[in-house]
Amino acid sequence: MTTREINGYQLQRVREHVWEIRQEGEMRVPARLLASESLLDQIGDDNTLDQITNATQLPGITTHALCMPDGHQGYGFPVGGVGAIDAENGCISPGAVGFDINCGVRLIRTTLTYDDLRGREEELVNALFANIPTGIGHGGVVETDVETVTEVLDRGLDWAVDEGYATRDDMLHCEDEGRRPDADSAFVSEDAKNRGKNQIGSLGSGNHFLEVQRVSEIFEDDVADAYGLQSDQIVVMIHCGSRGLGHQVCKDYVNRISEEHAEFNADLPDDNLAAAPAGSQVAEAYYGAMGAAINFAWVNRQLLTYQTRQVFDRVFGRSWEDMGMELLYDVAHNIAKKEIHAVDGEDRELYVHRKGATRAFPAGREEVPRAYREVGQPVLLPGSMGTGSYVLRGGDGSLSESFGSTAHGAGRIMSRTQAKREYGASDVQNDLRDHQQIYIKAEDGETIAEEAPGVYKDIDDVVAVSKDLDLADPVARTVPVCNIKG
DNA sequence: ATGTCC
């Protein structure tokens with residue numbers, strides 16, 4: 001059996017692309033990394049392996065804690081981490097969901113081709129940037145009050161439909177139809193609601209972006225047909241989350257859980273993993289508050305979609321309906337959700353925590369929207385500004401390997417601080433424009449340096465592992481044309 | 001990720 005030692009951990013090769021840290025000491029289950037040898041080489045000396053090993057100590061965790069091929073260190077629980085925890089006798093951990101609750105990605109189709117857009121990139125990127133709030137503290141598409149935020153939290157995309165920002169068809173093409181049934185705004189603090197009231201319809205900062213892309217390659221014709229994708233087509237990808245509201249919800253509950261369940265958490269090696277025992281009041285409260293923040297993020301991405309449609313209307317002088325700007329799909333990659341999975345041949349209800357991991361359900365699962373149930377759910381993997389992104393479809397391997405999950409993107413290989421030492425904003429921006437005809441506009445130049453293509457792993461490597469294990473299989477590849485960010 | 005520190 002092949003073994004590799006990384007940062008003092010022995011990784012045993014279970015088979016191609018599956019590595020295991022054996023259960024020992026306080027670990028309740030083994031830890032698994034789904035990665036190629038070259039992706040393992042890129043883990044470096046950060047805390048990823050400590051964190052995925054720590055996660056195996058969460059009470060009620062089943063089978064193994066997992067790290068996806070794009071995984072890297074986070075707060076407490078790694079980004080790219082998946083933890084499936086018994087929903088009756090286990091626990092739920094806000095740190096294993098992440099601060100940016102329902103950070104996620106959506107893709108909007110158009111019937112435009114690259115030729116329709118070429119030569120007008122500058123005009124389009126400027127119009128998008130002028131109409132879509134980016135960065136921190138610049139307001140949102142709508143400025144509202146706490147009462148409206150409360151409605152958004154409880155109703156998700158139902159609110160957006162009633163207000164004219166979404167169509168019923170948008171809802172049908174969103175994970176959970178854009179509305180979590182267990183959401184309850186009563187469990188969201190006034191602080192969190194206040195932070196959210198002027199952020200509905202705002203992109204935020206960091207790795208969040210809105211990108212106009214060109215479909216550069218199709219891998220599976222029949223699935224691409226079902227998804228309405230073809231070569232040279234223009235599509236729009238939006239990557240953002242629940243802004244300050246989700247952040248505040250996470251913080252509120254990490255604090256409350258640490259206080260109310262100090263004994264339950266006493267043996268956990270990291271305060272950021274603090275977990276609420278299943279069935280406790282605070283577990284139910286967090287689940288309701290998290291669902292509400294999830295709804296907020298869906299409305300957030302929907303308002304950016306609304307605004308994008310308006311911008312395309314004006315720039316191209318045609319209605320968005322005429323340009324076929326329909327939602328292909330919207331995936332959440334920072335969530336926990338009650339799902340039924342087979343464990344040792346027995347169906348069990350689990351809190352599946354996905355932090356920087358995407359649900360990748362195959363054909364047949366009832367959670368997959370009707371339009372895609374024959375082929376599997378769309379999985380959206382954003383890459384870097386220079387290398388492009390992937391649309392995949394959920395595969396059967398996700399159910400046997402990773403509780404219906406795959407990666408969420410390329411994954412960082414260096415810190416933001418290191419990125420700013422290595423790259424200059426205007427060099428990155430000019431190089432992309434002059435050599436790849438990619439037009440970037442950002443609120444803050446530092447963000448461009450922090451998000452330079454070189455700070456990310458190769459998305460092709462991540463997708464290759466996902467495909468090999470049949471977690472999710474590539475359907476189409478896209479390359480950036482215009483990108484706006486915080 | 002984040003009113004980039006309550």
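Source: prediction; values computed, not measured. In what follows, every heavy atom counts, from backbone to side chain, and hydrogens, waters and symmetry copies are set aside. Within every chain, numbering begins at 1; the chains are lettered A, B, ... in the order of the sequence lines, protein sequences first and strands thereafter.
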Notebook entry, point to check: Using 4.0 Å as the upper bound for N to carboxylate O, is an ion pair formed by A/D100 and A/R243?
Noted result: no
Checklist line | Pair listing, ring pair (Phe, Tyr, Trp, His ring centres under 6.0 Å) test, anchored in residues 190-210 of chain A, at least two apart | finding: A/H208-A/H239, A/F209-A/H239
Item checked: All side-chain hydrogen bond (donor to acceptor under 3.5 Å, both in side chains) counterparts of A/S466, not counting sequence neighbours -> A/T406
Check: How is A/G206 classified with respect to the nucleic acid when contacts are heavy atoms under 4.0 Å: base, sugar-phosphate, or nothing?
Finding: sugar-phosphate
Margin query: Please determine whether a side-chain nitrogen or oxygen atom of A/R243 lies at a distance below 4.0 Å from atom OP1 or OP2 of B/dT2.
Written below: yes
Notebook entry, point to check: When we call it a touch if two heavy atoms are under 4.0 Å apart, what does A/Q199 touch: a base, just sugar-phosphate, or nothing?
Noted result: sugar-phosphate
Note to self: What I want to check is whether the side chains of A/Y306 and A/R301 have a donor and an acceptor closer together than 3.5 Å.
What the structure shows: no
Notebook entry, point to check: Under 4.0 angstrom, heavy atoms only, what part of the nucleic acid is A/G137 near: base, sugar-phosphate, or nothing?
Noted result: nothing
Note to self: Looking only at side-chain N and O atoms, does A/N194 offer a donor or acceptor that is under 3.5 Å from a partner on A/E190?
What the structure shows: no
Next item on the list: Using the six-membered ring wherever Trp is involved, compare the ring planes of A/H353 and A/F77 and label them parallel, tilted or perpendicular (cut-offs 30° and 60°).
Entry: tilted
Grab the N/O contacts between the protein and nucleotides 4-6 of chain B below 3.5 Å, and write none if there aren't any.
| residue | atom | partner | partner atom | Å |
| --- | --- | --- | --- | --- |
| B/dC6 | OP1 | A/K251 | NZ | 3.0 |

